[in-house]
Amino acid sequence: MNVEHISITVMTYTQPRIILLFSGKRKSGKDYVTDLIQKRLTAEMCCILRLSAPLKRQYAKDHNLDYEELLGSGQYKESYRADMIRWGEMKRQQDSGFFCRLAIKHSIQPIWIISDCRRMSDVQWFREEFPGKCVCVRVEASEQTRSQRGWRFTTGIDDAESECGLDEGVKFDCIIRNDGADDILEKQLEDLLSLMKSQEEDSNTQNNIKPD
Ligand SMILES: Nc1ncnc2c1ncn2[C@@H]1O[C@H](COP(=O)(O)OP(=O)(O)O)[C@@H](O)[C@H]1O
Ligand SMILES: C[C@@](O)(CCOP(=O)(O)OP(=O)(O)O)CC(=O)O
């Protein structure tokens, strides 16, 4: 297997073979879809990484809040969402890769899923750090479906960069429609797995790496 181990002073991770950069609106089903992919590929081969996890950890620490509650999907997170967005944007302005680097720290699986890319800077950072290895995936669902899943339009959140930063300007390698029909989703996941395989082969060819 082509595993190159990288160690620098602040973090240790194993070079991934492929990275799926997921984005999509709230309640489009990013967690649902990424969980299905991980189940398919196994947790040994594939990890799900969230940029919001190190953000929430540091925000909780700085503001003396409950990190576990911020990770949940209840009202606690929602009541801090707007301020977390503001705080996160301040950090990103100082260093656009700040949360990306923290999120990948210690990842050892060959396939990474970044489940919550929100901004162009997130995509750019991964593409620059890991050229040829990124597959950009958009999850889409209608507003009606998202509403049925509990989404309500919130001014200041649904019309801000946190939700709209990747609406334009990114060419997605794959768009997954997730409006509920299992068989349609299944077929799209098959297509994505094939795309990952060919992307990895292309990347290996470019880097002159022989398959396992
Ligand atoms: N294809 C699907 N079939 C059934 N339930 C789904 C599907 N996609 C999403 N859901 C449900 O909708 C809700 C929101 O999905 P989630 O993955 O948390 O969205 P996001 O991460 O994009 O905010 C969850 O309760 C999830 O289980
Ligand atoms: C401050 C945030 O990172 C909060 C994200 O929290 P979640 O990742 O839990 O969000 P949803 O899936 O949309 O509910 C957003 C940001 O702009 O970085």
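This structure is a prediction, so every number in the text was calculated from the model and none was measured. Read the numbers this way: they start at 1 and go in the same order the structure lists the ligands and their atoms.
- When the options Glu89, Glu161, Glu163 are evaluated for a salt bridge (Lys or Arg N to Asp or Glu O under 4.0 Å) with Arg118, the one that passes is Glu163.
- Distances between N or O atoms of Lys27 and those of ligand 1 include at least one value under 3.5 Å.
- For atom 12 (O) of ligand 1, the choice among Gln148, Lys30, Arg50, Arg149 with the nearest heavy atom turns out to be Arg149.
- Protein heavy atom at the shortest distance from atom 11 (P) of ligand 2 is Arg81 NH2, 3.5 Å.
- No heavy atom of Gly24 sits closer than 4.0 Å to any atom of ligand 1.
- Some N or O of Lys77 is nearer than 3.5 Å to an N or O of ligand 2, by distance alone.
- Linking ILVMFWY residues whenever their side-chain heavy atoms come closer than 4.5 Å, directly or via other members, places Leu193 and Phe22 in the same cluster.
- Taking both residues in full, the closest heavy atoms of Ser115 and Asp31 are given as OG-OD1, 4.2 Å, listed atom of the first, atom of the second, then distance.
- Looking at ligand 1, you'll find an N or O of Gly29 within less than 3.5 Å of one of its N or O atoms.
- Looking at Val137 and Asp173, their side chains never come closer than 4.5 Å, going by heavy atoms from C-beta outward.
- Contact annotation: Arg146 has no heavy atom less than 4.0 Å from any atom of ligand 1.
- Of the protein's non-hydrogen atoms, the one nearest atom 8 (O) of ligand 2 is Ser52 OG, 3.1 Å.
- Polar contact with ligand 1: absent for Arg26 (N/O pair, distance under 3.5 Å).
- Of all protein heavy atoms, the one lying nearest to atom 17 (O) of ligand 1 is Tyr32 N, 2.8 Å.
- When heavy-atom distances to ligand 1 are checked against a 4.0 Å cut-off, Asn178 comes that close only through its side chain, counted from C-beta outward.
- Residue Ser162 places at least one N or O, backbone or side chain, under 3.5 Å from an N or O of ligand 2.
- Using a 4.0 Å threshold on non-hydrogen atoms, atom 7 (C) of ligand 1 counts as touching the protein.
- No side-chain donor-acceptor contact under 3.5 Å links Gln199 to the backbone of Ile18.
- At least one donor-acceptor pair under 3.5 Å links the side chain of Arg146 to the backbone N or O of Arg26.
- The contact set between ligand 1 and Lys25, taken as ligand atoms under 4.0 Å from a residue heavy atom, comprises 22 (O).
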### Message
Please evaluate residues Asp116 and Lys30 with respect to the criterion salt bridge (Lys or Arg N to Asp or Glu O under 4.0 Å), reporting the C-alpha separation (whole Å), side-chain torsions for both, the decisive distance (0.1 Å), and the verdict.
### Response
CA-CA 8 Å; Asp116 61 346; Lys30 299 179 294 298; over 6 Å; no
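- A donor-acceptor pair under 3.5 Å is formed between the side chain of Ser147 and the backbone N or O of Glu143.
- Protein heavy atoms are absent from the 4.0 Å sphere centred on atom 25 (O) of ligand 1.
- What sits closest to atom 21 (O) of ligand 1 on the protein, heavy atoms only, is Asp31 N, 3.1 Å.
- Between Trp87 and Tyr59, the ring planes are perpendicular. Angles over 60° get that label, and only those under 30° would be called parallel.
- Numbered from 1 in the order shown, with element, the atoms of ligand 2 that lie under 4.0 Å from a heavy atom of Leu55 read 1 (C), 3 (O), 18 (O).
- Contact analysis puts Arg92 in contact with ligand 2, with a non-hydrogen atom separation below 4.0 angstrom.
- Using a 4.5 Å heavy-atom threshold, the side chains of Lys91 and Leu55 count as separate.
- Side-chain polar atoms of Asp62 and Gln58 form a donor-acceptor pair below 3.5 angstrom.
- Between the Lys133 side chain and the Pro16 main chain, a donor and an acceptor come within less than 3.5 Å of each other.
- Annotation: Arg118 places an N or O atom under 3.5 Å from an N or O atom of ligand 2; distance criterion only.
- For the pair Lys56 and ligand 2, a heavy-atom separation below 4.0 Å is found.
- Centroid-to-centroid, the aromatic rings of Trp112 and Phe130 come within less than 6.0 Å.
- Distances below 4.0 Å separate heavy atoms of Arg119 from the following atoms of ligand 2: 16 (C), 17 (O), 18 (O).
- Contact atoms of ligand 2 toward Arg26: 13 (O) (distance under 4.0 Å to a heavy atom of the residue).
- For atom 1 (C) of ligand 2, the nearest protein heavy atom (residue, atom name, distance) is Met84 CB, 3.5 Å.
- Contact between Ser23 and Arg138 at its shortest, heavy atoms only, is OG-NH1, 2.9 Å.
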